[in-house]
There are 2 protein chains.
Amino acid sequence: MSSMTTRDHIVDAADLLFYQHGFEHTSFSDIADVVNISRGNFYYHFKSKDEILDAVINKRLADRRMMMEQWEIQGKTPQDRIQSFINILVVNGDKIKRYGCPIGTLTSELAKLNHNAQAEANGLFMLFRAWLCRQFTLLGRTADADELAMHLLARSQGVATLANAFQDDKFIAQEVKMMCNWLKSVTPS
Amino acid sequence: MSSMTTRDHIVDAADLLFYQHGFEHTSFSDIADVVNISRGNFYYHFKSKDEILDAVINKRLADRRMMMEQWEIQGKTPQDRIQSFINILVVNGDKIKRYGCPIGTLTSELAKLNHNAQAEANGLFMLFRAWLCRQFTLLGRTADADELAMHLLARSQGVATLANAFQDDKFIAQEVKMMCNWLKSVTPS
DNA sequence: GACAAAGTAGGACAGTCGTCCTACATCATG
DNA sequence: CATGATGTAGGACGACTGTCCTACTTTGTC
């Protein structure tokens with residue numbers, strides 16, 4: 001995109017580097033090398049590293065919102081849309097094997113750092129939770145929609161963590177299949 | 001323990017601090033403050049920070065092995081023993097809510113750091129995987145014992161990650177109950 | 001073309017990190 | 001008591017961190 005500002009480039013690079021190497025392990029120098037600007041000049045665009053983190057979280061929130069909108073357009077039924085969520089594990093399989101889930105690993109890291117942005121990062125989970133909850137409600141599971149949402153979220157988090165540790169494609173495929181069957185089993189006929 | 005050496009004290013303190021604040025975010029000064037020794041003196045006991053990490057991983061391996069031996073003594077049936085594994089989520093609920101799973105968060109961090117000790121840390125997962133696999137085999141599920149082991153491991157990892165993010169006791173209880181029901185459902189009658 | 005505004009470069013800064021070194025204390029054994 | 005081994009204290013080191021500052025270049029507007 002030629003219309004992208006330097007600020008956008010910084011946020012994009014930080015987004016990727018925070019995912020690949022973690023927030024703390026990513027330095028200004030690392031980002032500067034990617035964006036090709038001088039290290040000291042970040043402070044024209046951001047007052048602190050934490051402000052970059054805020055921007056990255058907001059970008060991720062926006063990205064995920066857009067993704068969900070796509071799912072709503074493409075998936076006619078709630079099952080289809082929930083299926084789209086499950087399929088992330090396959091679509092992003094390679095990245096997840098290497099770096100884990102972008103959301104889960106970020107919230108874990110910030111929890112250990114006792115970082116101020118914890119609540120904001122958790123908003124990413126809340127976004128998926130609320131969206132899934134809505135889909136399960138539309139599916140007819142009004143009574144336990146949130147439970148089901150949390151259950152599915154937990155399942156996919158667990159698969160991401162183990163896929164990252166074991167680098168196992170077959171495992172991901174197996175678990176995705178089981179989640180599909182589970183989805184069928186909770187869908188009223 | 002009065003019989004504990006300084007080295008043991010260092011490893012214990014590092015074990016706890018690595019869990020609470022992460023490996024990278026824990027400095028020699030942090031450990032020194034807990035153990036009450038001078039910072040520069042670590043190198044009499046360890047040649048590098050990575051060597052402390054090795055020692056911590058080995059300690060965790062030994063601790064978990066001991067835990068499993070206890071489970072084998074206390075649990076008469078394979079179901080009982082697998083149940084003991086599931087119950088970690090309740091027994092260690094408070095710590096998990098604060099800091100996540102000690103194993104999952106460590107392997108995630110080391111993956112992002114691209115650290116040499118990744119393989120060793122993954123040994124912790126392999127330990128549980130093999131143990132669970134054995135229990136499911138004893139349960140009579142010889143054909144898919146490893147699949148079931150990985151599935152249960154993933155489930156507990158997911159619960160730990162979300163419990164850490166959402167600080168939700170009720171969620172843990174719900175998921176543990178579901179895992180119990182799942183365990184019954186895979187147990188041949 | 002003048003000039004303020006927007007953006008950038010590059011280095012200074014104080015602090016912290018892991019590492020290493022040397023001097024000192026403790027202690028068992030002769 | 002003497003002596004070597006074991007362990008400890010405390011600071012020096014170079015590298016790197018996030019932050020901040022000043023000088024410079026580019027850009028848009030009158």
Side-chain angles (χ1 to χ4, degrees), chain A residues 1-58 106 109-110 112-118 120-121, chain B residues 1-58 106 109-110 112-118 120-121:
Chain A
M1 295 290 189
S2 61
S3 70
M4 272 178 61
T5 65
T6 304
R7 199 195 134 97
D8 293 333
H9 278 120
I10 293 173
V11 176
D12 277 14
D15 185 17
L16 186 60
L17 289 171
F18 289 176
Y19 176 40
Q20 293 177 335
H21 306 126
F23 168 69
E24 195 175 27
H25 193 60
T26 299
S27 70
F28 280 86
S29 302
D30 295 332
I31 305 173
D33 288 347
V34 174
V35 186
N36 262 319
I37 63 168
S38 81
R39 203 177 82 262
N41 193 29
F42 278 92
Y43 287 76
Y44 177 77
H45 302 280
F46 301 94
K47 277 204 281 288
S48 68
K49 196 183 180 187
D50 290 354
E51 233 176 56
I52 300 184
L53 178 59
D54 279 3
V56 167
I57 292 173
N58 285 328
L106 180 64
E109 183 181 359
L110 296 184
K112 296 225 190 252
L113 301 184
N114 207 8
H115 195 283
N116 286 329
Q118 268 179 87
E120 285 181 73
Chain B
M1 294 294 189
S2 61
S3 69
M4 271 179 61
T5 64
T6 305
R7 198 194 135 98
D8 293 334
H9 277 121
I10 293 173
V11 176
D12 276 15
D15 185 17
L16 186 60
L17 288 171
F18 288 176
Y19 176 39
Q20 292 176 336
H21 305 126
F23 168 68
E24 195 176 26
H25 194 58
T26 299
S27 71
F28 281 86
S29 301
D30 295 332
I31 306 174
D33 287 347
V34 174
V35 186
N36 262 318
I37 64 167
S38 81
R39 202 178 82 260
N41 192 29
F42 279 93
Y43 287 76
Y44 177 77
H45 301 281
F46 300 95
K47 277 205 281 287
S48 70
K49 197 184 179 187
D50 290 354
E51 231 177 56
I52 300 184
L53 178 59
D54 279 2
V56 167
I57 292 174
N58 284 329
L106 180 64
E109 183 181 0
L110 296 184
K112 297 224 188 252
L113 302 184
N114 206 9
H115 195 283
N116 285 330
Q118 268 179 90
E120 284 181 75

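Residue numbering restarts at 1 for every chain, and letters A, B, ... go by the order of the sequence lines. Keep in mind that this is a model prediction, so the values were computed, not measured.
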5' to 3' contact window, DNA chain C with chain B (heavy-atom distance under 4.0 Å): C:dC17 to C:dC21
For the pair made of CD in A:Glu51 and P in D:dG18, what is the distance, rounded to whole Å? 15 Å
Listed partners of B:Asp54 passing side-chain hydrogen bond (donor to acceptor under 3.5 Å, both in side chains), at least two apart: none
Separation of D:dT19 P from A:His45 NE2 (nearest whole Å): 15 Å
Is there a residue in residues 27-44 of chain B whose heavy atoms reach under 4.0 Å of DNA chain C, and which residues are they? B:Ser27, B:Phe28, B:Ser29, B:Arg39, B:Gly40, B:Tyr43
Side-chain contact, heavy-atom cut-off 4.5 Å: B:Phe42 with B:Ile31? yes
What side chain to side chain donor-acceptor pair (under 3.5 Å) pairs are there with at least one residue in residues 41-52 of chain A, not counting sequence neighbours? A:Asp50-A:His115
Below 4.5 Å, heavy atoms only, C-beta onward: do B:Phe18 and B:Leu106 meet side chain to side chain? no
Across all chains, not counting sequence neighbours, the side-chain hydrogen bond (donor to acceptor under 3.5 Å, both in side chains) partners of B:Asp33 are none
Just to verify, what does A:Gln20 make a side-chain hydrogen bond (donor to acceptor under 3.5 Å, both in side chains) with, not counting sequence neighbours? none
First locate atom CD1 of B:Ile37, then atom NE2 of B:His9, and finally report the distance between them rounded to the nearest 0.5 Å. 10.5 Å
Straight-line distance of B:His25 NE2 to B:Asp30 CG, nearest 0.5 Å: 7.5 Å
Examine D:dT17: is either OP1 or OP2 under 4.0 Å from a nitrogen or oxygen in the side chain of A:His25? Give yes or no. no
